[in-house]
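Notes follow the structure.
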Amino acid sequence: DAGVIQSPRHEVTEMGQEVTLRCKPISGHDYLFWYRQTMMRGLELLIYFNNNVPIDDSGMPEDRFSAKMPNASFSTLKIQPSEPRDSAVYFCASSFDRSSRGYTFGSGTRLTVV
Amino acid sequence: SQQGEEDPQALSIQEGENATMNCSYKTSINNLQWYRQNSGRGLVHLILIRSNEREKHSGRLRVTLDTSKKSSSLLITASRAADTASYFCATALIQGAQKLVFGQGTRLTINP
């Protein structure tokens with residue numbers, strides 16, 4: 001398996017633009033998570049899905065953020081409009097409920113909003 | 001607020017020495033996990049210890065869990081330069097055990 005695949009690896013955008021981050025989880029994993037990592041706040045859980053259904057979005061900062069999982073092999077995290085304070089590394093991770101192997105993380109998307 | 005807090009925030013040792021990192025948490029857990037993150041990369045799962053376990057080993061890694069003190073430790077024996085990374089503990093609460101809350105991490109540097 002190629003692991004959790006995120007795209008793009010790097011994104012630089014201007015304030016006010018829409019940004020879409022993409023994630024392909026490991027086949028067979030039934031949970032998908034979106035995290036954001038910054039020096040100041042560390043790793044923050046934004047939202048997670050179980051069997052494509054959003055379970056907990058309490059970590060989504062505000063209405064500018066939205067996430068979807070239209071099928072078991074694809075998820076998006078969208079920021080519209082983007083702001084400089086959204087600059088961070090965004091990680092997607094997936095897991096299998098009955099596994100003791102924890103999460104498998106993607107390589108992340110480094111977002112810079114200028 | 002952070003559920004888990006690692007101590008120390010940074011640790012620098014010589015190659016071959018043992019490295020110990022600690023994690024404290026606040027509420028009851030289902031399990032506790034340790035992850036490694038190399039610079040610019042995603043996190044890699046190292047080991048999971050359940051709330052009814054006290055100690056677990058995996059290669060050069062040894063993890064302990066003390067639920068009465070709400071703390072865990074990660075010991076890396078015979079450290080190598082390749083162990084240089086940040087190490088995070090993550091707790092899975094009893095309710096919603098699939099949701100992990102990460103600490104701020106310990107930055108470990110192994111000097112050759």
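By convention in this document, chain letters (A, B, ...) are assigned in the order of the sequence lines, proteins followed by strands, and residues within each chain are numbered from 1.
When hydrophobic clusters are built by joining Ile, Leu, Val, Met, Phe, Trp and Tyr residues whose side-chain heavy atoms come closer than 4.5 Å, directly or via intermediates, B:Val101 is not grouped with A:Tyr90. Linking ILVMFWY side-chain heavy atoms closer than 4.5 Å, directly or via other members, places A:Phe74 and A:Leu46 in two distinct hydrophobic clusters. Hydrophobic clustering, with ILVMFWY side chains joined whenever heavy atoms are under 4.5 angstrom apart, keeps A:Phe65 apart from A:Tyr48. Tracing side-chain contacts under 4.5 Å through hydrophobic residues (I, L, V, M, F, W, Y), one never reaches A:Leu32 starting from A:Ile55; they form parts of separate clusters.
By the 4.5 Å heavy-atom criterion applied to side chains, B:Lys99 and A:Asp56 are counted as neighbours. Side-chain contact check for B:Leu100 versus A:Tyr35: some heavy-atom pair is nearer than 4.5 Å. Side chains of B:Val44 and A:Phe105 form no contact here, defined as non-hydrogen atoms less than 4.5 Å apart.
When heavy atoms are compared at a cutoff of 4.5 Å, A:Tyr103 approaches chain B by way of both its backbone and its side chain. For A:Gln6, no part lies under 4.5 angstrom from a heavy atom of chain B.
Distance check, rounded to the nearest 0.5 Å: CZ of B:Phe102 to CD of A:Gln37 gives 9.5 Å. Summarising the geometry, atom CZ belonging to A:Phe91 is positioned 5.0 Å from atom CD belonging to B:Gln37; distances are rounded to the nearest 0.5 Å.
The local environment of NZ in B:Lys56 is crowded, with over 12 non-hydrogen atoms from other residues, nucleotides or ligands closer than 6.0 Å. By the neighbour-count criterion of 12 heavy atoms within 6.0 Å, atom CG of A:Asp63 is sparsely surrounded, having that number or fewer from other residues, nucleotides or ligands.
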